[in-house]
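What follows is a set of notes on a single structure, which appears directly below.
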Amino acid sequence: MGAVKDIPARAVPKRALDYAEPILPGMIPDESELTAGVTIVPGRSYGFFTDTTLCIGCKACEVACKEWNALPADDVGLKGTSYDNTGRLSANSWRHVAFVEKIGGDLDAGEGRGTERNTTTMPPFQSNWLMMSDVCKHCHNAPCLEACPTGSLFRTEFDTVVVQQDICNGCGYCVPACPFGVVDLNVADGKAHKCTLCYDRLKGGLEPACAKSCPTDSIQFGELPDLVERARERVDSLHERGATDAYLYGAPGSPGATGDLGHLNAFFLLTDRPETYGLPSAPTRASNRVAPALGTGLATMAGLTMVAVALFAANRRS
Amino acid sequence: MQQDLQTHKPGAADRPYQGVGYYGQPALKASPFGWKTSGYIFLAGMSGSAQILGTAADLFGGPGMEKTARNARHVAMIGATLGPLLLIGDLHTPSRWYNMLRIFRRTSPMSIGSYILSGFGAFSAVTAAADWIGMKRVARVTQVPAALAGAGMSVYTAALLSSTSTPLWAAAPRLLAVRFGSSAMACGAAALSLGERIDGRPGNAERLDRVAMVASAVDLAASLASRREYEADHVAAPLEQGALGAVHKIGAIAVGAGIPLVCHAINAGRRRPSAALSVLGSLAVLAGGMALRTAILRAGNRSAERPADYFRFARTPPNTLNERKRTLLPDTAARRVLP
């Protein structure tokens, strides 16, 4: 099977055999070595590579995230648009699985608009379903962090972006700053919330809950350079096999990693335009607009002040 | 990872964009800012600019404008006292307001503004207090830093809104700053002009009306220019349609800039300026200033909830985003983001 060849075989350390007992005496040191093939070391850069061609829409990531982070349900109800009843990321939903069913010509921009296609004539790729587990992107130049006036949002030793709940005063400026609509205020506790990339688990040597629970390895956790390399190989392999729609979103130099954002520590392999998944194709770094706005504004004030001084000085003479 | 910049492999993202989104779900979150924030932006602008005008009057206006300076110091105290209350009231954890002064972050206009407001408040309070107890020389010195902070108070709020991902606010950072700044100066002048009318110094009121007239003209020009900008970026709709459109077009532009421009221009041409026209112009400036802040803030929140606006806006080649070039490249070209 070609698909199996794709996923690089990660050597399982021999010490995995040490933990074969059904009941373990305690936490496994550096457990991420066994589950993700990566050792978590402070000072290195970690992130997610979410390969949407492997996503089966099981929402195990959403559930694992809610369980580990003790997040309540947002809205128990049916959206009526797809199997996605979460809708969007929020203060209480840090993973969100998007579902897009591709039937007919409208959604399929590849062959031009209006091309009538249906499930029997479409190539059997991903069952004609696009599914994507969305998450905070942990941007390299994170606009939320750059906007935070209290220093509550900070960059951790794992190169991730986290809100410190004991400092956040709920000003809410990070909410409109985020170019992906991720950060959200919880009005119940008056603080901003978002994915922490399981900061607490990383400190304990554990892979983030969503990645660990993903049954197809659609969500892969690892060191960023390794993930980018792995992702590029995956794109090459998909292109070789004819899936030429595949591309990376948020990896260095690709869509999503635009506007001075650098790169996204959580990046994606997509097979349709970013907007189809609710992602902007060229997000920007909000703080690049501080100097133009402030500079122009102060220049305006200086000019108007000169006018006032001239009028008042004339007043004095008269 | 610099060498990686050339390795983007084209895929579906290089197809032309056909306006498809994700079930109409907003791709952004709107700011939680409401009437307290727009009220603060208005008061901060009026008080900050009043402090500038007061300082200019004190230093350059001669003895005839001494009382104008004192009025200005009182107007400045409105922003210095009510401003922080409005802002703290807008926090979702107000008891931690002091964390605003925990760090300084130059990428965050909210952080920059916290220090501008603190400095403005402190220097304005010292200036006003020194004036009251008769220490004119102290007031004359401390009013200068207060006026400098006042300039910041007038415009940093525009930088604050622009430095977000909200399409309407981000589309024209420079023009928004010109609008907020000129409207602030007009509001400051209008408030002081009303004070001069009440105190019976029509000569000073006329000079202040001239300042308001010039500022209103700048405001009007920037309003028209920013409208073109918003339309070029396809983000204008929330500011053009419905009740908010009326608040913006009638309230902010016609009443806020048009009426004062006409009133003060007529007065400027008359040998005996009419007090009624002057007062009408001043009141229109103040009402329009509040309408401008309300319209921009609420329309921005609405624009964040419109995914089509954002997807169109976030297709602009990022390297030109902060330049004046606003031509949208063809979709496929816009997608090529290599520097």
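Chain naming here is simple, since letters A, B, ... match the order of the sequence lines and numbering starts at 1 in each.
At a threshold of 4.5 Å between non-hydrogen side-chain atoms, the residues A/Tyr247 and B/Pro10 do not count as touching. At a threshold of 4.5 Å between non-hydrogen side-chain atoms, the residues A/Leu304 and B/Ile52 do not count as touching. Between B/Arg210 and A/Val307 the shortest side-chain heavy-atom distance does not fall below 4.5 Å. Using a 4.5 Å heavy-atom threshold, the side chains of B/Ser31 and A/Tyr173 count as separate. Counting only heavy atoms from C-beta outward, the side chains of B/Leu53 and A/Phe312 approach each other to under 4.5 Å. At a threshold of 4.5 Å between non-hydrogen side-chain atoms, the residues A/Pro274 and B/Phe311 do not count as touching.
When heavy atoms are compared at a cutoff of 4.5 Å, B/Leu101 does not approach chain A at all. With a 4.5 Å cut-off on non-hydrogen atoms, A/Ala98 touches chain B through its backbone and its side chain both. Proximity to chain A (any heavy atom under 4.5 Å) is shown, for B/Tyr156, by both the backbone and the side chain. Residue B/Arg102 touches chain A through its side chain alone, counting heavy-atom pairs closer than 4.5 Å. With a threshold of 4.5 angstrom between heavy atoms, A/Leu185 approaches chain B through side-chain atoms but not through N, CA, C or O. A/Thr244 touches chain B through its backbone: at least one of N, CA, C or O sits under 4.5 Å from a heavy atom, while the side chain does not. Neither the backbone nor the side chain of A/Asn186 comes within contact range of chain B; no heavy atom of the residue lies under 4.5 Å from a heavy atom of that chain. Contact annotation for B/Leu176: neither backbone nor side-chain heavy atoms come within less than 4.5 Å of a heavy atom of chain A. Residue A/Thr300 touches chain B through its side chain alone, counting heavy-atom pairs closer than 4.5 Å. Only the backbone of A/Cys178 comes within contact range of chain B, judged by heavy atoms closer than 4.5 Å.
With rounding to the nearest 0.5 angstrom, the SG atom of A/Cys171 is 12.5 Å from the CD1 atom of B/Ile88. Considering CG of B/Asn204 and CG of A/Leu311, their distance stands at 11.5 Å, rounded to 0.5 Å. Taking NZ of A/Lys194 as the start and NZ of B/Lys29 as the end, the distance is 12.0 Å to the nearest 0.5 Å. Note that the CD1 atom of A/Ile167 and the CG atom of B/Asn99 stand 6.5 Å from one another [nearest 0.5 Å]. Once rounded to the nearest 0.5 Å, the distance linking OG1 of A/Thr150 with CE of B/Met110 reads 9.5 Å. Separating the OG atom in B/Ser154 from the CE atom in A/Met301 is a distance of 3.5 Å, to the nearest 0.5 Å.
A distance-only check finds no donor-acceptor pair linking the side chain of B/Arg105 to the backbone of A/Glu146 [under 3.5 Å]. Side chain of A/Arg273 to main chain of B/Gly21: no donor-acceptor pair is present (N/O by atom type, distance under 3.5 Å, no hydrogens or angles). Proximity of a side-chain donor or acceptor of A/Thr296 to a complementary backbone N or O of B/Arg174 within less than 3.5 Å is not detected. A donor-acceptor pair is defined here as one N or O able to donate and one able to accept, closer than 3.5 Å; no such pair exists between the side chain of B/Ser162 and the backbone of A/Arg289.
Ranked by heavy-atom pairs under 4.5 Å with chain A, the list B/Pro32, B/Ala177, B/Ser108 is led by B/Ser108. Interface check for chain B: of the options A/Gly303, A/Ala299, A/Gly170, the most heavy-atom pairs under 4.5 Å are formed by A/Gly170. In terms of heavy-atom pairs under 4.5 angstrom with chain A, the leader among B/Gly113, B/Ser95, B/Ala151, B/Gly150 is B/Ala151. Among B/Ala215, B/Ser163, B/Pro109, the residue making the largest number of heavy-atom pairs under 4.5 Å with chain A is B/Ser163. Interface remark: of the candidates B/Trp97, B/Phe180, B/Phe33, B/Phe33 forms the most heavy-atom pairs closer than 4.5 Å to chain A. Between chain A and the residues B/Asp90, B/Leu160, B/Val214, B/Val211, the most heavy-atom pairs under 4.5 angstrom are made by B/Leu160. By number of non-hydrogen pairs under 4.5 angstrom with chain A, the leading residue of B/Ala304, B/Ser49, B/Ala56, B/Ala184 is B/Ala56.
B/Thr107 pairs with exactly one of A/Ser287, A/Pro143, A/Cys148 by the side-chain contact (heavy atoms from CB on, under 4.5 Å) rule, that one being A/Ser287. Applying the side-chain contact (heavy atoms from CB on, under 4.5 Å) test between B/Tyr22 and each of A/Val100, A/Leu279, A/Thr81, A/Thr276 identifies A/Val100 as the sole match.
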